[in-house]
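Whatever order the structure lists ligands and atoms in, that order sets their numbers, starting from 1. From a predicted model like this one, the values you see are computed outputs, not experimental measurements.
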Amino acid sequence: MDYRLPATVVPKRYDIRLEPDLLAATFAGEAVITVEVETTVTEIVCNAAELAIQSAALTRDGSVPIHGSITLDAASERARFVFPAAIAPGEWKLTLRFTGTLNDRLHGFYRSTYKDAAGTFHTIAATQFEATDARRGFPCWDEPAFKAVFGVTLVVAEHLSAVSNCAILREESLGDGRRAVHFADTIRMSTYLVAFVVGELEATEAVMVGATPLRVWCVPGKKHLARFALESGAFSLDFFERYYGMPYPGDKVDLLAIPDFAAGAMENLGAITFRENALLVNEAAASHTELERIADVIAHELAHMWFGDLVTMAWWNGIWLNEAFATFMELMAVDAWKPEWKRWTTFGVSRAAAMQVDGLEATRSIEYEVRDPHDCRAMFDLLTYEKGASVLRMLEQHLGADAFREGVRLYLERHRYANAETIDLWKALGDAAHQPIPGVMDGWIFKPGYPLVTVEPDDAGLKLSQRRFRYVGGDADSGQRWRIPIVLRAAVKRGYVERRLLLDGDETTVALPTKADWIVVNSGGHGFYRVRYAPALLKKLAGAVAKIAPIERFNLLSDSFALVQAGLGSAVDHLDLTGRFTEETDRNVWTMLVASLAYINRVIDDEHRSGLAALVRHRLAEKVTLLSWEVQEGETELDRQLRGDLLRAIGTLGDDEEVQARAREVYARYREDEGSVDANVLPAVIAILSAAGGEAEYTEFRDRFKSARTPQEEQRYLYALAGFRSADLLGRTLGMTLNGEIRSQDAPYVIRSLLTSVYGRGLAWEFIKQNWQVMARQYPESAYTRMYEGVVALVGADWERDVRAFFADNKIDLGGKTLAQYLEQLRVAVAFQERESEALAAHLSRQRPR
Ligand SMILES: [Zn+2]
């Protein structure tokens, strides 16, 4: 099958008029598409899906219309118009009349509903076109390289707002209770970036950023939650205009919060759509994590206005560059806005998450050939966003920040309003840096996996060698090699020596002046590789954790645990290493430490859970006591978030009864006086009370979920419903995922959360087996796919067999290598269990309650 549309007829301009009927959940439309016929044809082929096309007519210079016959092919999502006469080359106008349905699947042109304060339901019509769903909104050449200008008109009821990519040119009343809203022409852009939003919405006053008005839109009554988004959006927009050295390419920026939204956000030029919790927030009542997420997402989408919207990938294989670059720029902008958030250090957590997938046999290279555009749905993953951003950061550090920025500017100048490939970026960066972009990038972009660098003492100093890191068969060498920019630092008598080198063969030796006290490889932590130290070196480094940087401590723990998962280290040794971190001050290091303990909790038997809880308390108690429950003077925002994180961990995984009792008191106080609890502590208190709570807490949280005043509050109480331990209560939560009480945008993630809980996983798995067909119909596709990620926590040989049989019997395909990755992660965990459970059992049974 040929997946590309023929290029014999090319669209130049679309004049689209759409009349959505929100109550009937339908729409009618007309598209007048100016096309360039390249060679004489008798038929025109474009994309259309779930549309009925009533007529197709071609005209030229006001000639008599030539009517074409219409065939729709549902499988290929194409419309074919055959004309009775040959169509000569040149410019023609193709006029199409069509109708469609506002669907409930959160893709294409869809409807989103919400309940107002009085309990009345309202409907919004919104779009989500990436990757290939613009064809559900109007017939079009739905491939990123077919860029065109879009002139949009929306016909809506008088009381409704209408938003599209550009500013409103004029509005006219139609005299039947409706009005036509005409929008200015867009720049030349791809179909997947077109957007329409219609409903009872309200907007903030515009903030001017240079020449661009920036507004936030939301359902009525939520405008007071937009301040933070305006502030962070204004900063990012200005930051990007300066960084890119080029004005914003549109005429306004609207940030729209949509009650039902499948992804986190979508970079439609000038009409960026978001999940409510990724845009709206009450700053005073939000935790650091919640605020950081919003700042990240807004910066990410705004970065796309240039990188993605102005210059676009030629085909879907280039999605990685779009997303990796936007992620990289998001970090850059947020780091500039809030340096105290230390965004490049906290990115370590995301880098490690990408390494977790990329260490699998079932990983893929960042860029790979995409033939069927449907395959690109599997590209919106950690490898694209997080590994991609990591290797761009590695390149930026290698070239220098100024040369990198100059290269990016050159790339945007050369390709604006057009399409580009990965090689075009390398070329621009190389021209700006006056050096060819070394073959150093190809190993990271076009090959799967990443290296494990082994460090051993050598007569001259150190021996470094590389091979591919793998969780399965980790002791075998695949022969694959990378060109690895390595930075290492050694502590010697009078300070430090630093060495920078490119390891591009099997091994190399590094001379050191004198014997080092300790050595850290991947100094600075930007490298996308893991390090395995010889035992003597590891012992010295473990004794010096207080002297190395937070990101280096993070990597030490992350690599240590990965080596255990790969069968190259022992779990008990890792637990001993965590004992070195009881005074740790950095939040990311704690995140890694707690994550490794939570993983072990999923591997061990129920009878050893109390032993692990005692170990968790031992590791955390000192720091928890030091931080206390109250905000202290001179604390940073990260310190306050750390307090919340550690309280949550010790009160749930550590089952600390004292902390649980205190959480009850704190929550009781919160009900009397909301200002009495720090915003970073409250989410922890809620999580602790669900882990330790029963019927009363469940009812309370469920009520609060339903009457939430902010999107963050709604999320906290929703996920708390998955944090209980009683099967009866968790069963009720599962029931809510299908009966509409939990939105379909959230339900799959709640189920995933239950799957990763040792108390909920068995129930959730049985529930999925019974209801997966209904879920496949009801849930948005991307979220439905991610729900299954939770199976990695079904650690047990019987579960593993059952999971494999389920996917095989039901022929479930999650796109690309997604399912293979989930199954391999489960295999890694079960193998871990088989190898380690005996030693862990002995170790944990020796843990004494505090
Ligand atoms: Zn993106």
Original post:
Looking at His300, which of its N, O or S atoms is the nearest one to the Zn ion (ligand 1)?
Top reply: NE2
Subject >> Pair Glu637, His288: side-chain N/O donor-acceptor within cut-off below 3.5 Å >> reply: yes
Original post:
Can you tell me if Glu301 has an N, O or S atom under 2.8 Å away from the Zn ion (ligand 1)?
Top reply: no
Original post:
For the rings on Phe27 and Phe109, is their centre-to-centre separation under 6.0 Å?
Top reply: yes
**OP:** Decide whether Asn47 and Glu77 meet the rule of one side-chain donor and one side-chain acceptor closer than 3.5 Å.
**Re:** no
Subject >> side-chain contact (heavy atoms from CB on, under 4.5 Å) partner of Thr191, the single match among Tyr14, Phe146, Trp141 >> reply: Tyr14
Original post:
Can you give the angle Glu323 OE1 - the Zn ion (ligand 1) - His304 NE2, rounded to 10°?
Top reply: 100°
